[in-house]
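Okay, structure first, notes after.
By convention here, the first residue in the shown sequence is residue 1.
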Amino acid sequence: MANTILSVMFVLENAMNSVDELKLEIDDQACLANVGRSPCTKCRRSRKWFCYHCVCWTDGFDGSQVPRVSLPFKLIIIKHNLEVSGKSTAIHALLLVSSPTEFYIYPDFPDYSNRKDCLLLYPSKTAYTVEEILSKNNSEPHDSLENLMKSTGFTTLIVVDGVWKNMHCMLSDNRLSGLTHIKLDAFKTRFWRPQRRHDDTKLATIEALYFLMVTIAESAKAFIPDCSHEFDNLLFFYTFMQGLVSYENIELKAKNKKIRKEMFAC
């Protein structure tokens, strides 16, 4: 029992380290601790917290304890069919965002070609910065980010989810042609599954969405009051899982050290 309490405290402490590093204001994550696996409410497969296939909570977890985040636009996520659902952080967004969302698995998704109201989050050569997108604002005062985004003409954000090597086939699909691309500055990933042959500016999907929202909020200060912390809870699961991975790595190192010690003692 004591070891269980210590492990939970360690996980929460490491999650808070990530929170402090990014100066986040995240809701209490204690509801995620000491939660075992239980059946998905739809497919009945054993999962922890939520089912990443059905995008719903499990029988053993009370999803009402999880914070919700409102975005200033509709969110559409298109996940590559080869992306492992259990490794995808895009699922976090679908569970945490209270605004309208749509989720598709490539190649099954609608035709968005030449949609003037859609932004595609991807750092292509023709991508605009957040500041350039917001400059399309009509300069009238706004009382919310949603109204500010409406004034730019963009009311929908499309996010493609998958490893970087699979991005080309998705972005070359004619159904995503003619869209305005938006890009981020060089933020560093904190993902525990870094992609090979890519530098640390290649973000996990939930990181990219979070940093986009923070950048929009920061850039919009001239139009509306600062609201950057409104999006911190997008990393609610992400930062807790970071703490969990840190704890498991330390436990593994301690176990290997004990094994080596016993081997040399023989």
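- Atom-to-atom distance recorded for I206:CD1 and F211:CZ is 11.5 Å, nearest 0.5 angstrom.
- Y52 has its side chain within reach of I91: a pair of non-hydrogen atoms, C-beta onward, lies under 4.5 Å apart.
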Inset, instruction - Report the C-alpha separation of S70 and F231 in whole Å, then their side-chain angles, then the decisive distance to 0.1 Å, and conclude whether the side chain to side chain contact (heavy atoms under 4.5 Å, CB included) test is met. - result: CA-CA 8 Å; S70 177; F231 308 105; over 6 Å; no
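- Residues M241 and H92 have side chains in contact (heavy-atom distance under 4.5 Å, counting atoms from C-beta outward).
- Judged by a 6.0 Å distance limit and a 45° cone about the ring axis, K79 is not positioned over the six-membered ring of F109.
- Side chain to side chain, E207 and T89 fail the donor-acceptor criterion of an N or O pair below 3.5 Å.
- You'll find the ring centres of F237 and F50 inside the 6.0 Å limit.
- Within a 6.0 Å sphere centred on CZ of F103, heavy atoms belonging to other residues, nucleotides or ligands number more than 12.
- In this structure the side chain of I76 never reaches within 4.5 angstrom of the side chain of T101, judged on heavy atoms.
- Contacts of E131 classified as salt bridge (charged side-chain N to carboxylate O under 4.0 Å, His left out), with partners at least two apart in sequence or in another chain: none.
- Counting all heavy atoms, side chain and backbone alike, I182 lies closest to L212 at CD1-CD1, 3.8 Å.
- Across all non-hydrogen atoms, the minimal contact from V160 to L171 is CG2-CD2, 4.4 Å.
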Legend entry - Worked check of side chain to side chain contact (heavy atoms under 4.5 Å, CB included) between I77 and L94: CA-CA 8 Å; I77 295 178; L94 296 171; 3.9 Å; yes
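- Remark: the T58 side chain and the S38 side chain contain an N/O donor-acceptor pair separated by less than 3.5 Å.
- Linking ILVMFWY side-chain heavy atoms closer than 4.5 Å, directly or via other members, places L32 and V35 in a single hydrophobic cluster.
- Side-chain contact between R115 and T156 is present, with heavy atoms from C-beta onward closer than 4.5 Å.
- Under the 4.5 Å side-chain criterion, counting only non-hydrogen atoms from C-beta, I158 is in contact with L179.
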Inset, instruction - Please step through side chain to side chain contact (heavy atoms under 4.5 Å, CB included) for the pair L95 and R68, ending with a clear verdict. - result: CA-CA 8 Å; L95 291 165; R68 305 301 299 279; over 6 Å; no
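- Atoms CG and OG1, on L244 and T239 in that order, are 11.5 Å from each other to the nearest 0.5 Å.
- L82 and W164 fall into different hydrophobic clusters, defined by Ile, Leu, Val, Met, Phe, Trp and Tyr side-chain heavy atoms under 4.5 Å apart, directly or through other members.
- Put simply, the side chain of L119 reaches to within 4.5 Å of the side chain of M149, judged on heavy atoms.
- A salt bridge does not link D232 with K23: every distance from a Lys NZ or Arg NE/NH1/NH2 to an Asp or Glu carboxylate oxygen is 4.0 Å or more.
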Legend entry - Derivation of the side chain to side chain contact (heavy atoms under 4.5 Å, CB included) call for H181 and Y128: CA-CA 6 Å; H181 292 189; Y128 292 90; over 6 Å; no
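- For the pair S177 (side chain) and N174 (backbone), a donor-acceptor distance under 3.5 Å is present.
- Closest of all the heavy-atom pairs between L203 and F187 is CD2-O, 3.4 Å.
- Judged purely by atom type and a 3.5 angstrom limit, S113 has no side-chain atom pairing as donor or acceptor with the backbone of R175.
- Closest approach of C40 to C56, counting heavy atoms only: SG-SG, 3.5 Å.
- Here the closest heavy-atom approach between residue C169 and residue H80 is recorded as SG-NE2, 3.4 Å.
- Once rounded to the nearest 0.5 Å, the distance linking CG of L121 with CG of L184 reads 5.5 Å.
- In this structure, S151 and H142 have side chains that are in contact, with non-hydrogen atoms separated by less than 4.5 Å.
- D161 contributes atom CG, which lies 10.5 Å from atom CG of N166 (distance to the nearest 0.5 angstrom).
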Inset, instruction - Test side-chain hydrogen bond (donor to acceptor under 3.5 Å, both in side chains) on D59 and T41 and set out the steps. - result: CA-CA 6 Å; D59 279 344; T41 55; 5.3 Å; no
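- Clustering ILVMFWY residues whenever any of their side-chain heavy atoms sit less than 4.5 angstrom apart, transitively, puts I105 in a cluster other than the one holding V84.
- If you take CG on L176 and CG on D111, they are separated by 8.5 Å, rounding to the nearest 0.5 Å.
- Between K87 and E83 no salt bridge is recorded (no basic side-chain N to carboxylate O distance below 4.0 Å).
- Residues I216 and L145 meet the side-chain proximity criterion, which asks for heavy atoms closer than 4.5 Å.
- Here the shortest heavy-atom pairing between Y122 and K183 reads O-CB, 4.3 Å.
- Taking CD from Q29 and CG from N233, the interatomic distance works out to 8.5 Å, rounded to the nearest 0.5 Å.
- Of the N and O atoms on the side chains of R37 and S46, at least one donor lies less than 3.5 Å from an acceptor on the other residue.
- Ring geometry, W49 versus F240: the interplanar angle exceeds 60°, so the pair is classed perpendicular (tilted spans 30 to 60°).
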